[in-house]
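The basis for the numbers below is simple: all heavy atoms, side chains too, and nothing from hydrogens, waters or symmetry mates. Protein chains get the first letters and strands the later ones, always in sequence-line order, with residue 1 at the start of each.
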Amino acid sequence: MVQPLGYLKESASQTAGPYVHIGLTPNFCGITGVYESDLGATMVNDRTLGRRITITGRVLDGTGTPLKDALIEIWQADAAGLYNSPSELRGSADPNFSGWGRAATDGETGEYRFETIKPGRVPFRDGRLMAPHISLWIVARGINLGLNTRLYFGDEAAANAEDPVLARIEHRVRVPTLIAAADGDGYRFDIHLQGEKETVFFDI
Amino acid sequence: MTDLSNRKPETGAFFSRDRLWHPPGLTPGYKTSVLRSPQKALLSLDGTVSEITGPVFGHSILGELDNDLIHNFAKPGESAIGERIIVHGRVLDERARPVARALLEFWQANAGGRYRHKKESYLAPLDPNFGGCGRTITDADGHYAFRTVKPGPYPWPNGVNDWRPAHIHFSVFGHGFAQRLITQMYFEGDPMIWKCPIVQTIPDRAAIEQLVAALDWGNTIPMDARAYKFDIVLRGRRSTLFENRMEGN
Ligand SMILES: [Fe+2]
C-alpha cells in the first residue's frame, strides 16, 4: 500500500452533437429572447488596438465535404502579445479586446468567419518567441473530443521559420496545414479533418 | 460570493489528458465519426501561455432566468411542460479543487425528446414554452444549479433503431483554453444509457458512470422538483514547483 494521490479523473468528453447551436449560439439558430446576444460573437470594438483582420474558412470531412454543423472557438493574444486572462501574469491585455471568439459554420455553405485583430507574439515555455498564432477548438456532431489546433499567418514567414512549435512537426510537408493564406484584409484557413491535407491537431 | 481577486491565479500547465479515458476519434458504431476523425497522430505540446490562459466570464453576462429553462423561453405566467427537476453539483479539477467562475452552458431536448432546431425532424411536438438552453457560472466553491424539465429520449439516424437516453449537453469553461470540455449528463437508472452508440464511444465503464447524475433525494424540493446531482471534473494543473518561470514573469 502507498498513500493515495487523491486525483480525480477528468469527465469524459461526449460529442457536441448536431444541436450544439441551441446551447452555444442560440440566437444564430433562431432561439431569440433568452440571451441578448451569442457569447463570442464580437471580439473587438472601435477602441481595440491592432490591425483588424477577418478569418474565414471551412471544416472539411474525409470526402472534402464542408461540415455545416461545426462550431469553432478561437483564443488569441492582443496586438501586444498579452492574453485577456487572469492567468496572464506578464501584463494587462487590451481591455477592448476579449481574445476569445465563437462561431458556427454556416448551415448552407459551411463557412465560418471571425472578425478580430492580428495577435502579437507570445513566448514559448523557454522564453523564445512564438510566431503570431491563434488557438482553435473545433467541435461538431461526429467529433467525440474537441480538436485543438493553431492558425499561423502566411505573411509571417520569418517568424514562422523560428517558431518552436512549428519546428516540432516532423513531417515538414504538413506545416502548411497550419498556415492561413493572406487574402485581402483577411486570412483563409480551411481545416481538414482527414486525408492527404489533414490539419495538424494538437494534444495540448 | 467570495472575492476571488486576492486569490493567486493558477498558471501551471495542465495534466496531460488521459486519451484512453476519453472516447477515441474513430468510433465506427457512431457512424458520423468515421469521416470526421483525424487519422494522423496528434502533435503533443506541453502547455504554453496560449494553452494555460483562457477567457473567464463574469456574472454580469447572466440574465435572471438564464439558469431556469422552465421559464426562460416561456410566455409570462406559463412554464415548460415536463417533469420539473433541479440539476446541481460542483465543477472540480483533477486535484479535487473547486473551479470557481466556470461558465457552464447546457442544452437539451424538451420533455418529449424534441429539440428546437431546424435540422431536427423527430415527430414529437415542440413545446411553445421551452427553448432548451441555459447557462450559469460556478460560485467560489465550484457550485452551480439550474432548473429545467427532464428531457425525453429520442430516436436518431445511426443504426435502424438507435435512441439516445435522456441527457443534457454541457459545455464547460475552466480557466485555461486547454480545459475546454463538452460532455453529456445522463440520469440514474435509465436502461437506455447502455444501449446508446454515443455513450459506447467511451471505452471505460467507470468513465460512463461518472457521467450519470444521481437522484438526490436530500435536495429534492417537496411538491416542486426532484434534484439530480452532477459533478464535473476538468483537467488539473501541475504545481509550478521547480519549473522555470516563463520569460517576463
Ligand atoms: Fe442530444
Side-chain angles (χ1 to χ4, degrees), chain A residues 6-19 21-24 26 29-31 34-35 39 61-63 73 75 83-90 98-100 122-125 127 130 133 135 137 139-147 165 168-169 193-194 198 200-204, chain B residues 9-11 21-23 25 27 32-33 35-36 38-40 42-56 72-73 92 94-96 105-107 115-117 119 131-133 169 171 175 177-178 180-184 198 201-202 207 210-211 232-235 246-249:
Chain A
Y7 291 145
L8 304 176
K9 293 298 287 184
E10 184 187 11
S11 298
S13 174
Q14 292 270 260
T15 180
Y19 308 125
H21 314 107
I22 296 174
L24 302 191
C29 76
I31 299 177
V34 182
Y35 311 146
L39 273 188
D61 74 10
T63 71
E73 291 182 4
W75 174 240
Y83 283 98
N84 193 344
S85 164
S87 304
E88 171 63 90
L89 302 180
R90 297 170 301 135
S98 71
W100 175 76
V122 303
F124 189 60
R125 294 188 65 79
M130 296 189 279
H133 65 272
S135 298
W137 181 74
V139 294
R141 174 173 70 99
I143 296 177
N144 289 324
L145 173 60
L147 299 171
V165 174
R168 292 183 45 192
I169 299 173
L193 299 178
Q194 284 183 1
E198 181 176 311
V200 175
F201 296 105
F202 292 75
D203 182 12
I204 56 172
Chain B
E10 294 186 87
T11 56
W21 182 255
H22 287 283
T27 48
T32 315
S33 74
L35 283 170
R36 294 184 170 195
Q39 296 165 327
K40 296 181 166 60
L42 304 177
L43 181 69
S44 296
L45 178 64
D46 193 16
T48 73
V49 68
S50 302
E51 288 75 38
I52 65 178
T53 56
V56 174
N72 69 10
F73 193 77
L92 304 166
E94 289 170 295
R95 297 167 77 179
E105 297 165 285
F106 15 87
W107 66 101
Y115 281 96
R116 184 173 287 279
H117 194 283
K119 293 210 170 146
C133 62
H169 297 263
S171 159
H175 297 179
F177 200 60
R180 200 71 186 81
L181 181 71
I182 281 183
T183 188
Q184 300 181 26
I198 287 179
T201 62
I202 301 174
Q210 193 183 345
L211 301 182
I232 297 166
V233 180
L234 298 180
R235 294 170 69 181
M246 280 182 296
E247 185 107 331
N249 279 12

Visitor: For A/Ser13 and B/Thr183, indicate whether the former's side chain and the latter's backbone hold a donor-acceptor pair under 3.5 Å.
Guide: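 Between the backbone of B/Thr183 and the side chain of A/Ser13 there is no qualifying donor-acceptor contact (under 3.5 Å).
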Visitor: If you define the side chain from C-beta out and look only at heavy atoms, does anything of A/Pro26 sit under 4.5 Å from B/Trp107?
Guide: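 They are not in contact (no side-chain heavy atoms under 4.5 Å apart), so the answer is no.
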Visitor: So how far is it from A/Trp75 CH2 to B/Thr53 OG1, rounded to the nearest 0.5 Å?
Guide: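 Reported value, rounded in 0.5 Å steps: 5.0 Å.
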Visitor: Walk me through it: do B/Leu234 and A/Ser11 pass the test side chain to side chain contact (heavy atoms under 4.5 Å, CB included)?
Guide: CA-CA 7 Å; B/Leu234 298 180; A/Ser11 298; over 6 Å; no
Visitor: How many angstroms lie between atom CG of B/Leu35 and atom CG of A/Leu193, to the nearest 0.5 angstrom?
Guide: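 It comes to 9.5 Å.
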Visitor: Determine the option with the most heavy-atom pairs under 4.5 angstrom with chain B, choosing from A/Ile204, A/Val139, A/Ile31.
Guide: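 Greatest number of close heavy-atom pairs with chain B: A/Ile204.
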Visitor: With rounding to the nearest 0.5 Å, note down the distance linking NE2 in A/His21 to SG in B/Cys133.
Guide: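 Output value for this atom pair is 13.0 Å.
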Visitor: Within a strict 4.5 Å, meaning less than it, do heavy atoms of the A/Phe124 and B/Thr48 side chains meet?
Guide: yes
Visitor: Look only at the side chain of A/Arg125 and the backbone of B/Gly47, and say whether a donor-acceptor pair between them is shorter than 3.5 Å.
Guide: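 Flag set: sc A/Arg125 to bb B/Gly47 pair under 3.5 Å.
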Visitor: Counting distance only, does the side-chain N/O of B/Arg36 pair as donor-acceptor with the main-chain N or O of A/Arg141 below 3.5 Å?
Guide: yes
Visitor: Side chain of A/Gln14, backbone of B/Ile198: donor and acceptor closer than 3.5 Å?
Guide: yes
Visitor: Is there a donor-acceptor contact under 3.5 Å linking the side chains of A/Asn144 and B/Thr27?
Guide: yes
Visitor: If you define the side chain from C-beta out and look only at heavy atoms, does anything of B/Pro55 sit under 4.5 Å from A/Tyr83?
Guide: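 No. Closest side-chain heavy atoms not under 4.5 Å.
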Visitor: Within the 4.5 Å heavy-atom criterion, are B/Ile182 and A/Leu24 side-chain neighbours or not?
Guide: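 B/Ile182 reaches A/Leu24 side chain to side chain.
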Visitor: Distance from B/Thr11 atom OG1 to A/Leu89 atom CG, nearest 0.5 Å?
Guide: 5.5 Å
Visitor: Quick one: do A/Lys9 and B/Glu94 make a salt bridge, cutoff under 4.0 Å?
Guide: no
Visitor: Please walk me through it: do B/Leu45 and A/Arg168 pass side chain to side chain contact (heavy atoms under 4.5 Å, CB included)?
Guide: CA-CA 9 Å; B/Leu45 178 64; A/Arg168 292 183 45 192; 3.9 Å; yes
Visitor: Which one, A/Pro86, A/Gly30, A/Ala140, leads in non-hydrogen pairs under 4.5 Å with chain B?
Guide: A/Pro86
Visitor: Mark yes or no for whether A/Ser85, through its side chain, and B/Gly54, through its backbone, hold a donor-acceptor pair below 3.5 Å.
Guide: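 Yes, the answer is positive, given that a donor and an acceptor are paired below the 3.5 Å cut-off.
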Visitor: Please classify the contact of B/Gln39 with chain A as side chain, backbone, both or neither, using a heavy-atom distance under 4.5 Å.
Guide: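 Looking at B/Gln39, backbone and side chain both touch chain A.
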Visitor: Are any non-hydrogen side-chain atoms of A/Gln194 and B/Lys40 less than 4.5 angstrom apart?
Guide: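 Side chain of A/Gln194 against side chain of B/Lys40, heavy atoms only: no contact under 4.5 Å found.
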Visitor: Answer with side chain, backbone, both or neither: which region of A/Trp137 has an atom nearer than 4.5 Å to a non-hydrogen atom of chain B?
Guide: both
Visitor: Between B/Gln210 and chain A, which part of the residue has a heavy atom less than 4.5 Å away: side chain, backbone, both or neither?
Guide: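 Just the side chain, heavy atoms under 4.5 Å.
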Visitor: Heavy atoms only: give me the nearest B/Pro23-A/Leu145 pair and the separation to one decimal.
Guide: O-CB, 4.5 Å
Visitor: Under a 4.5 Å cutoff for heavy-atom pairs, which residue among A/Ile169, A/Ile143, A/Val200, A/Val165 has the most contacts with chain B?
Guide: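 Looking at each of A/Ile169, A/Ile143, A/Val200, A/Val165 in turn, A/Val165 comes out on top.
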Visitor: Looking at A/Glu198 and B/Pro38, what are the two nearest heavy atoms and their distance?
Guide: OE2-CB, 3.4 Å
Visitor: Between B/Ser50 and A/His133, is any side-chain donor less than 3.5 angstrom from a side-chain acceptor?
Guide: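 Present: a donor and an acceptor within the cut-off.
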Visitor: In terms of heavy-atom proximity below 4.5 Å to chain A, should B/Thr201 be classed as side chain, backbone, both, or neither?
Guide: side chain
Visitor: Relative to chain A, which of B/Glu10, B/Glu105, B/His175, B/Arg95 shows the most heavy atom pairs under 4.5 Å?
Guide: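 Of the candidates given, the most pairs with chain A belong to B/Glu105.
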Visitor: Would you mind reporting whether A/Pro18 and B/His117 have side-chain heavy atoms less than 4.5 Å apart?
Guide: no
Visitor: Are A/Thr15 and B/Gln184 close enough that some pair of their side-chain heavy atoms sits under 4.5 Å apart?
Guide: yes
Visitor: Please work out which of the three classes, parallel, tilted or perpendicular, describes the rings of B/Tyr115 and A/Tyr19, given edges at 30° and 60°.
Guide: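 Tilted, since the angle between the ring planes falls between 30° and 60°.
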Visitor: Do you know which two heavy atoms are closest between B/Val49 and A/Glu88, and how far apart they sit?
Guide: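 For B/Val49 versus A/Glu88, the nearest heavy atoms are CG2-OE1, 4.1 Å.
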Visitor: Any idea which heavy atoms bring A/Ile22 and B/Gly131 closest together, and the distance?
Guide: CG2-O, 4.0 Å
